[in-house]
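Just so it is clear, the values below take in all heavy atoms, side chains as well, and ignore hydrogens, waters and symmetry mates. Letters A, B, ... are given to chains in the order of the sequence lines, protein chains preceding strands, and every chain is numbered from 1.
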There are 2 protein chains.
Amino acid sequence: MLNEKFDRYSFILDQTAKKVKQFAQSSFTEKGFDITVDQWAVLKVLYETEQLSQKELARRCGKDQPTLTRIVDILLKKGLAERVIDETDRRSLYLHLTEEGKLKVASLSPIVAEIRMKAWEKLTEKDFEDFTRILNTIYNNLNIS
Amino acid sequence: MLNEKFDRYSFILDQTAKKVKQFAQSSFTEKGFDITVDQWAVLKVLYETEQLSQKELARRCGKDQPTLTRIVDILLKKGLAERVIDETDRRSLYLHLTEEGKLKVASLSPIVAEIRMKAWEKLTEKDFEDFTRILNTIYNNLNIS
DNA sequence: TACAAATATTTAGTATGACAAATATATTTA
DNA sequence: TAAATATATTTGTCATACTAAATATTTGTA
């Protein structure tokens, strides 16, 4: 394989990830969702599994703990989530959605799914499979941890 | 196509783009490059085409103008680039690398190429072609501009 | 049990990304 | 030519990412 050929994939990857986020964010804003795409990602995980510690929530959202702390702070201010101290381990906090938070996720989910689908116009199921397989391979190639 | 199936591509895309950046950044840091991955992207473009206005540089780097202004500020502080007022249009600035900047790009380029290659272990040239084609299609699907 | 090490969370600092507004200069138009 | 409009850049604000360090609590060990 020639080096030059692979020199720019990181640029295309970065630009496309940015575009996907921008597109979703501008749709959110236009429709008056009043949350960011990252806040949505956290809400969605919390909706699917209540009673998560912040550490576990961060892991599932693919965010580091300081970033998650700040996103959760914002969700609290917006009245969408709550922090509860874990009495069995007072270092930990459990998070759950408020009723308002649950309603928000339930009502926005189908609209978000539609927004997300737009990326796949003109592409096939085979493309989708290849795409996720390649992304996962790249991720694992670099995930030395 | 079923919605649920496509629900999580944006997550994988985002995580992989992040991982690619993290891997490069930690390699840069480990090797003592003393620049960020985004600063590198700007230096590389400037090296390939000197005498760019900031607006054009921003376009080629895929960054917005405020972000580019700030990255260029840092490159100036590090003595890697210079701003020159365009006397034919005093709103514009031309940018070019200092000798130190040119030397830096020339010496780091092959090492960066190697770092970038690691992502492609276990993948084929066909994968690479599919990957870039799919990314470009997604980008264009969302690029309403 | 007391002390050291580990863990969960938060705080702080720097870089980047997005968007709006401010500034300076050019261009267009009445 | 003066005023309106357009353009290039910068500044400001908020959100996110990463790192390191601080804090509180728990666990392991002598």
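Rounding to whole angstrom units, CG of residue B/Asp86 and P of D/dT7 are separated by 17 Å. Distance NZ (B/Lys21) to C1' (D/dT19): 15 Å, rounded to an integer number of Å. Rounded to whole Å, atom P of D/dT9 lies 13 Å from atom CZ of B/Arg59. If you take CD1 of A/Ile74 and P of D/dA17, they are 11 Å apart, rounded to a whole angstrom. Rounded to an integer number of Å, the gap from B/Asp38 CG to C/dG17 C1' is 9 Å. In this structure, the CG atom of A/Asp34 is 14 Å from the C1' atom of D/dA15, given to the nearest Å. Atom CD1 in B/Ile71 sits roughly 15 Å away from atom C1' in D/dT10 (whole-Å rounding). Rounded to an integer number of Å, the gap from CG of B/Leu93 to C1' of C/dA24 is 11 Å.
Ion pairing between a basic and an acidic side chain is recognised when a charged N comes within 4.0 Å of a carboxylate O; A/Lys126 and A/Glu129 show no such pairing. In summary, A/Lys21 and A/Asp38 engage in a salt bridge, as defined by a charged side-chain N under 4.0 Å from a carboxylate O.
Between C/dT9 and A/Thr69, no contact under 4.0 Å exists linking OP1 or OP2 to a side-chain N or O. Put simply, A/Lys63 has a side-chain N or O that comes within less than 4.0 Å of OP1 or OP2 on D/dA17. For A/Gln39, a side-chain nitrogen or oxygen approaches OP1 or OP2 of D/dT16 to under 4.0 Å. For D/dA8, the OP1/OP2 oxygens have no side-chain nitrogen or oxygen of B/Gln54 closer than 4.0 Å. At C/dT10, one or more side-chain N or O atoms of A/Arg83 fall inside 4.0 Å of OP1 or OP2 (strictly under the cut-off).
Across all strands shown, C/dA30 forms a Watson-Crick or G-U wobble pair with D/dT1, both key distances being under 3.5 Å.
The side chain of B/Pro66 sits closest to C/dA20 out of C/dT10, C/dA20, C/dA15. Residue A/Gln65 has its side chain nearest to C/dT10 when only D/dT25, C/dT10, C/dA15 are considered. Checked against D/dA17, D/dA8, C/dG17, the side chain of B/Lys55 finds its nearest nucleotide in D/dA8. In this structure, the nucleotide among D/dT9, C/dT16, D/dT26 sitting nearest to the side chain of A/Arg90 is D/dT26. Picking from C/dA12, D/dA17, D/dT9 the nucleotide with the shortest atom distance to the side chain of B/Lys18 gives D/dA17.
One N or O donor and one acceptor, one from the side chain of B/Arg70 and one from the base of D/dG12, sit under 3.5 Å apart. Between the base of D/dT7 and the side chain of B/Arg91 there is a donor-acceptor pair shorter than 3.5 Å.
The residue A/Asp64 sits close to a base: some heavy atom pair falls under 4.0 Å. In this structure, A/Thr36 reaches the sugar-phosphate backbone alone: every heavy-atom distance under 4.0 Å involves primed, P, OP1 or OP2 atoms, never a base. At a threshold of 4.0 angstrom between heavy atoms, the contacts of B/Leu68 with the nucleic acid are absent.
Residues B/Ser92 and B/Gln22 both approach DNA chain D. Their nearest nucleotides, taken by heavy-atom distance, put B/Ser92 toward the 5′ side. Residue order along DNA chain C, read from the 5' end via each residue's closest nucleotide, puts A/Asp89 first among A/Gln25 and A/Asp89.
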The test is side chain to side chain contact (heavy atoms under 4.5 Å, CB included); show your working for A/Tyr139 and B/Ile12 and say whether it passes.
CA-CA 9 Å; A/Tyr139 188 95; B/Ile12 308 173; over 6 Å; no

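Counting non-hydrogen atoms of other residues, nucleotides and ligands closer than 6.0 Å to CG of B/Leu103 gives a total above 12. Remark: B/Phe128 CZ is packed, more than 12 non-hydrogen atoms of other residues, nucleotides or ligands lying under 6.0 Å away.
A donor and an acceptor atom, one from each side chain of A/Asp64 and A/Thr67, are located under 3.5 Å apart.
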